[in-house]
Amino acid sequence: MRVDIDSQDILNALTDTRKKFDRTTVGLIVSLSLLGGLFCAAGFGLWRAVTEILNLMPEASLNGGLQAFNAHPAPFYLFSASASFAIAAILTAVAIFKARRKRAAAHKEEALNNTLMSGRFDFIFSAEKLTITGPLAVKKISWQNITGIEKRKSTIVFHRKDGGFDFIPKNVVPNDNFYDLMMVKHGPLLNKPCPYEEAHLAKPLSVTYEAARGDLDDYYAQYFKKRDGKLYFLRQLCGWKPWAPFLFLTFAALAVACGFIAFQTYSLIQAGIAIAAALAAGAVFVMNSSYFRGPAHPFRKNAAWPYAQTDLTTVSLSNDGVFHARNGAADVIKWGAFSGYMESKRFGYLVVAPKQVIALPKRAYLNKAHFEDFTLYAKRSITLAKKQKSDAERGRMMRSLESKGATANQLHLPAPTAETAAKRRPAAAAPEKPAGPSPRAAPAQIKPAPAPVAAPRKAPAAQKPAPAKPVQQLPAPAKPAPQQSESAKKEPVKAPVPKKAAAKRPAPKPDSQTQAILASALKKAAQLEAKAKAAASADIPEANVPEPEKKRAAE
């Protein structure tokens with residue numbers, strides 16, 4: 001909603017927000033009441049004094065008044081005091097009224113001269129807060145920080161918990177139900193306890209404290225108790241804090257007793273025991289000197305604790321992670337790196353690893369609500385980061401399963417044809433060429449087939465078959481001789497048909513089938529040609545066979 005606010009709107013808002021019985025009005029009433037009481041008392045005193053003076057005066061003249069004053073001066077003193085008190089009451093009341101008018105004028109002048117109150121403003125009503133964007137400033141007010149919303153004569157006023165207010169002139173309200181709708185939507189959140197981050201607009205949340213040696217004792221106590229189990233009592237026994245004074249007193253008493261006995265008996269053994277006990281007591285004292293000397297001096301430093309009383313640690317929470325600064329070293333740890341949150345009686349801990357934590361001492365926070373808001377923000381961020389991490393892992397698993405399913409579907413493809421398999425194989429593993437000519441060879445490369453034998457082999461011996469005559473060269477797509485064509489037609493039928501796969505795949509192209517059938521037919525024709533040549537060479541005398549035919553028959 002865009003609103004233009006001028007001086008008249010500001011004056012109307014001041015009039016609407018002026019309360020009849022505020023603190024100033026109550027103070028004015030009390031002051032005027034006291035002054036009125038004082039004036040009445042002074043008036044009563046004046047009346048008594050005047051009455052007595054008139055009774056004492058022998059005559060109504062100046063000489064009579066002097067005689068009355070000399071005889072009884074008390075009524076005259078009462079008259080003077082009462083008159084002075086009455087005049088003072090009147091002057092004080094006049095001064096109060098003038099101061100009040102001056103204060104009202106100054107307040108009005110301050111409001112009119114305030115550059116943040118006039119101009120063009122954008123009111124944004126969100127679920128969490130009211131945002132007012134002006135020409136020189138931006139206000140973000142949570143609904144919990146607004147004590148109430150009033151519908152006054154000329155304005156709608158938003159009262160804040162700090163005593164201030166913001167307003168919207170009624171002349172810019174879109175409809176008459178605007179106030180009712182706003183109260184229905186945001187009314188339940190008004191004047192409620194506000195979280196720390198919203199009340200102070202502290203994003204990121206931050207806390208600074210002085211680190212101490214015992215900040216991690218509670219965490220390690222719970223950690224070792226969980227890790228050691230039933231043997232944890234041994235660690236407790238070894239970690240008993242009064243061990244140092246107990247051992248010191250024990251060794252000191254033993255040294256004194258053994259020294260006394262050695263002095264009485266002149267025993268070297270007792271003297272050695274006394275000296276050893278005294279050395280042990282001295283060692284315990286030196287090793288635990290901090291226990292005996294009390295708290296460290298504010299400016300005392302040593303190798304074990306170089307930042308005594310000055311080890312300031314800052315922990316800030318943001319949407320991206322945790323900013324942890326200590327001793328000049330700063331870390332920014334994302335929320336996904338934290339494994340959880342743990343809390344003890346005096347501390348809270350952000351756990352990164354079993355032995356790496358960030359301590360949050362409760363002594364560093366303003367109050368219990370501050371600590372709860374801080375830790376609630378941390379726990380919510382850790383839970384959200386874990387959820388995002390698990391969702392990402394689930395997405396990766398689903399993608400891997402989908403890829404495995406696609407690979408399994410590829411295994412059900414039909415067996416490839418001869419030509420397709422030859423294309424997929426590399427050049428080094430190319431299949432051997434068939435015995436016959438290639439189906440793609442030129443017609444000139446096809447060798448002529450011999451003519452069929454005139455008579456079958458069962459004929460009488462007197463009849464000899466005629467010599468074979470060469471047949472004219474045929475092109476590649478031409479059909480062979482009748483006997484060869486019949487055999488060529490029958491042969492592909494006997495060849496095993498490839499089994500169909502379960503998955504439905506498109507049938508191979510007709511060109512590939514024709515080429516495969518043609519290749520098998522030519523191969524069979526070549527075999528028949530070789531058999532015919534062998535039979536002819538067996539019947540014809542060896543002398544009449546030319547040399548090339550002999551070599552071919554031998555092959």
Side-chain angles (χ1 to χ4, degrees), residues 1-36 90-126 128-187 189-192 194 199 201:
M1 178 190 297
R2 179 158 293 180
V3 179
D4 290 328
I5 298 177
D6 54 9
S7 300
Q8 187 61 40
D9 294 330
I10 296 174
L11 295 177
N12 294 336
L14 291 177
T15 304
D16 291 341
T17 55
R18 187 180 297 119
K19 296 181 179 179
K20 295 182 179 180
F21 296 99
D22 57 353
R23 183 176 297 179
T24 305
T25 305
V26 172
L28 178 63
I29 293 173
V30 172
S31 302
L32 293 178
S33 301
L34 293 175
L35 291 174
I90 293 172
L91 294 177
T92 304
V94 172
I96 289 175
F97 276 109
K98 285 186 177 181
R100 182 178 176 85
R101 291 184 62 182
K102 188 176 181 179
R103 185 182 301 171
H107 185 61
K108 185 183 298 183
E109 190 69 19
E110 290 175 0
L112 294 175
N113 293 333
N114 190 350
T115 57
L116 298 179
M117 294 187 67
S118 60
R120 176 166 291 181
F121 296 88
D122 290 330
F123 285 76
I124 303 173
F125 301 89
S126 62
E128 296 83 11
K129 54 183 173 293
L130 169 64
T131 305
I132 305 174
T133 305
L136 299 176
V138 177
K139 296 181 182 180
K140 296 181 179 180
I141 310 169
S142 61
W143 294 110
Q144 293 89 346
N145 197 28
I146 297 176
T147 57
I149 303 176
E150 288 185 343
K151 185 178 180 181
R152 305 304 294 268
K153 183 178 179 181
S154 58
T155 57
I156 296 176
V157 185
F158 302 88
H159 295 280
R160 300 195 302 266
K161 286 184 178 180
D162 58 356
F165 67 91
D166 295 282
F167 66 94
I168 299 177
K170 277 188 175 180
N171 53 11
V172 299
V173 174
N175 50 53
D176 296 337
N177 297 328
F178 175 77
Y179 173 79
D180 298 332
L181 293 175
M182 185 170 53
M183 290 300 297
V184 170
K185 188 174 182 181
H186 306 294
L189 298 177
L190 299 181
N191 200 20
K192 298 291 183 181
C194 188
L201 296 179

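Residues Met117 and Leu112 fail the side-chain proximity criterion, which asks for heavy atoms closer than 4.5 Å. Using a 4.5 Å heavy-atom cutoff, the side chains of Arg100 and Leu28 are in contact.
Residue pairs that meet the side-chain hydrogen bond (donor to acceptor under 3.5 Å, both in side chains) test with at least one member in residues 101-111, sequence neighbours left out, are Glu109-Asn113. Sorted by first and then second residue, the salt bridge (Lys or Arg N to Asp or Glu O under 4.0 Å) pairs with a member in residues 130-139 read Lys139-Asp166; sequence neighbours excluded. Residue pairs meeting the salt bridge (Lys or Arg N to Asp or Glu O under 4.0 Å) criterion with at least one member in residues 1-12, sequence neighbours excluded, are Arg2-Asp122, Asp4-Arg120. The list of ring-ring contact (aromatic ring centres under 6.0 Å, His included) pairs with a residue in residues 131-150, not counting sequence neighbours, reads Trp143-His186.
In this structure, Gly119 and Pro135 approach most closely via the heavy-atom pair CA-CG, 4.5 Å. Heavy atoms only, all atoms of each residue included: Ala13 and Phe165 are closest at CB-CE1, 4.3 Å.
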With a cut-off of 3.5 Å and sequence neighbours excluded, list every side-chain donor-acceptor pair involving residues 170-183.
from   : atom 1 : to     : atom 2 : distance (Å)
Lys170 : NZ     : Arg152 : O      : 2.6
Asn175 : OD1    : Asn177 : N      : 3.2
Asn175 : OD1    : Phe178 : N      : 2.9
Tyr179 : OH     : Ile149 : O      : 3.0

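Considering CG of Leu189 and CD1 of Ile146, their distance stands at 10.0 Å, rounded to 0.5 Å.
Judged as a ring pair (Phe, Tyr, Trp, His ring centres under 6.0 Å), and not counting sequence neighbours, Phe123 has no contacts. Partners of Ser154 by side chain to side chain donor-acceptor pair (under 3.5 Å), not counting sequence neighbours, listed by chain and number: Asp16. Applying the side chain to side chain contact (heavy atoms under 4.5 Å, CB included) criterion to Thr15, with sequence neighbours excluded, gives Arg18. In terms of the side chain to side chain contact (heavy atoms under 4.5 Å, CB included) criterion, residue partners of Thr147 (sequence neighbours excluded) are, by chain and number, His159, Lys161, Asn191. Applying the side chain to side chain contact (heavy atoms under 4.5 Å, CB included) criterion to Val30, with sequence neighbours excluded, gives Val26, Leu34. Every residue two or more places apart in sequence or in another chain that forms a side chain to side chain contact (heavy atoms under 4.5 Å, CB included) with Ser126 is listed here: Glu128, Lys129.
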